[in-house]
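In what follows, a structure is listed as structure tokens, so that the remarks can point back to it.
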Amino acid sequence: MAKKESFALERNDERVIIHFDYDCFYAAVFEREDPKLRLLPFAVQQKQIIVTCNYEARRRGLYKLQLVREARHKCPEVIIALGEDLTRFRNASKDNYLFLRCFAWNHKVERLGFDEVFMDVTDMVDYNVDLLNHNALSSSFFHLDRNDPTVGFLFDASCISGHTFPTGSPQAVGLSTSTTASLTPALGKLYLRLLLGSHIAQFLRHQLEEHKSYTCTVGVSTTKLMSKLVGNLNKPRGQTTLVPPYEWSLDTGESNVTRFLDAHDIGKVPGIGFKTAQKIRQYVLGRPAAFHAGLVYGSTKEQVSVGEVRLSPGMKAEVLERLLISPGTPKDLGSKIWCLINGIDNTEDSYIKLDVMTAVKRELTLLTCSLIKRMRLDLMVDAEDDTAFGDEVPSSEVLNTSKRWSAHPRILRLTTRPRPPRNPDGSRPRMFNRTSKSCTMPSIIFSHKQNIESIAEQVVNSSLLPLFRQLHPEESGWDLSLVNLCAANMAFAGTDSKAGAGRDIGRMFRRQDDVLREWKVGDADLAILRPSDLTKNASQISEPEQPRNRDIGSSRHGSEDMDRSTQDSGVADDVWNSEAETAELGQACPVCGAHMPPFAVAAHQRFHSLPE
DNA sequence: CATTTCCGCCCG
DNA sequence: CGGGCGGA
């Protein structure tokens, strides 16, 4: 049995991130359509402003966000294109993005605006680190395909590709020399990983130039924050890698992260906008920070460096939090910014989270399928027939078109329960700390045209995933002991021409509850959903509640824990699991012992509870 | 409790 | 300026 597949929980998450920034993107889009422009001073105009211009134009004194009048005066021969229609830029951006994404092994590639891309190449790097031949680093081969060892490129693994910060780092020396030994193992490993990152970055840059005719500037580091910032050091058409040490230590002294970051103006840090920066400046200076209104865009501010902020007396997350709270500001903005100015970018967690999300999505989809089946069994009636439940249990969930809904649940609710922390004796406390979120039942769920799977997929995407995110906005380490889906707040369709119909149905439900209550498995920690093992299907049971405003169907689902031996060895666990494993094959009715599909049990039991 | 609307802020 | 996001 695999021991440690719990990737999401292990904090070996020093990622390798590449940030791409296309050089003067809008201008480059036009240049690609008309290469003659490359040699001429060329600018793109929106309204009365030069939004960007090529480097030929910059050589003649033009710059971004300059007034068109001024630009024309300074450089009369400039060629200007109108760039107010964004579609060509949008398309080019998307095209480049898709191109880059083809190289990624995972889907951790994202666009920021039209002209920036982040790519998490951690998996590629780690794969290739293991395959390096340390005796022949300078003639290494970078594998781009795990399945085809011939796909890749040659590179020199004895040095970083492109520029570094700080400049003249071990790069010149190379790894095969004695300096390698002086590097601590951890430092050396990170160095090697970033080195490989720099080579894949170099490769991708050239691919982009060759196949798409776009040059770009890239940064390589372990976070989006740092890779984006460090890339700025060498533009255009350059790349910069932020080399270790990333941690402060006795022999290496200050970390290169803070050394680099501290020199920036506080307002230059992505995520710290003008307002926030001004407040922080004011705090550090002890007086309002001066800023002279600029000509066109922004303004020249009194600069306060990240280092001054970070090292200002008593500075910490709480201080920033208090400083920045005002109506409409995000919750923990203070700690966010404290992290940022210390070079920590929490968004990297979201990459890991993505992996887990796909598993969660699978689970939710299975749950939804179960729920739909149950809803159809319990709530669909023959179009001509007003009675909700016949004498026979339907033999199949397949529905013909002569059925209609007798009632509509109006609310869809997702409930989860985190696994409570373990007691000293290894057992788990029984807690009822469930959390739930609900939304209006998406109408698609009542469709009887589409098949159940496609409906489920839509419901998951449109409703359940958003709910899940609300329930678990925290970082990746979900360890859930229960996931439950239910349809609630019944609305009966019949404009009760028969006055007693509603009451009869209500009574029926109550009787059903009585039966189900007996049948129901105890409320122990049963279903298990863990990021490390989300594949196995468990079961579904119904969960009766109050007669009025009650939930009609409820479908519970979880996955079997890998490490079951360390769990409660209670009987309930075993009962549950045996039921769980046979769930898809069939279940026995606890009253009469008849065998049937699990989703039919509830309806079948209702049959038992019908009035004589 | 969910939904709708608006505002502040950040970004390119 | 236009879009996106989060909070009230």
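Order of the sequence lines sets the chain letters (A, B, ...), proteins ahead of strands, with each chain counted from 1.
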Is any side-chain N or O of A/Thr329 closer than 4.0 Å to OP1 or OP2 of C/dG6? no
When you measure from the side chain of A/Lys331, which nucleotide among B/dC1, C/dG7, B/dC9 comes out closest? C/dG7
Check the distance between C/dC1's P and A/Phe114's CZ and give it to me in whole angstrom. 18 Å
Determine the contact category for A/Glu116: base if any of its heavy atoms lies under 4.0 Å from a base atom, sugar-phosphate if only primed atoms, P, OP1 or OP2 are that close, otherwise nothing. sugar-phosphate
Taking B/dC9, B/dG12, B/dA2 as options, the one with an atom nearest any side-chain atom of A/Lys279 is B/dC9
Around atom NZ of A/Lys279, are there more than 12 heavy atoms of other residues, nucleotides or ligands at under 6.0 Å? yes
Could you state the CD-P distance from A/Gln278 to B/dC9, rounded to the nearest angstrom? 12 Å
Would you say that A/Cys53 contacts A/Tyr63 through its side chain, given a criterion of any heavy-atom pair below 4.5 Å between the two side chains? no
Steps toward side chain to side chain donor-acceptor pair (under 3.5 Å) verdict (A/Glu84, A/Gln45): CA-CA 7 Å; A/Glu84 283 164 24; A/Gln45 171 185 7; 5.8 Å; no
Round to a whole Å and report the spacing from CG of A/Asp85 to P of C/dG2. 14 Å
The nucleotide from B/dA2, B/dG12, C/dC1 with an atom nearest the side chain of A/Lys47 is C/dC1
Given B/dA2, B/dC9, B/dG12, which nucleotide is nearest the side-chain atoms of A/Asp115? B/dG12
Whole-Å distance separating the CG atom of A/Asp23 from the C1' atom of B/dG12: 16 Å
Would you check if the side chain of A/Thr365 reaches a backbone N or O of A/Ala456 as a donor-acceptor pair within less than 3.5 Å? no
Whole angstroms only, please: what is the NZ-C1' distance between A/Lys336 and C/dG6? 10 Å
In whole angstrom, what separates A/Arg111's CZ from C/dG3's C1'? 13 Å
Using a heavy-atom cut-off of under 4.0 Å over every strand shown, decide if A/Lys64 touches base, sugar-phosphate, or nothing. nothing
Name of the residue among A/Val218, A/Asn234, A/Leu233 meeting side chain to side chain contact (heavy atoms under 4.5 Å, CB included) with A/Gln239: A/Val218
A/Tyr26 OH to C/dG2 P, straight-line distance once rounded to whole Å: 12 Å
Under 4.0 Å between any heavy atoms, over every strand shown, what does A/Ile411 touch: base, sugar-phosphate, or nothing? Just pick one. nothing
Among the nucleotides B/dC1, B/dG12, C/dC1, whichever has the atom closest to the side chain of A/Ser438 is B/dC1
From CG of A/Leu86 over to P of C/dG4, roughly how many Å is that when rounded to an integer? 12 Å
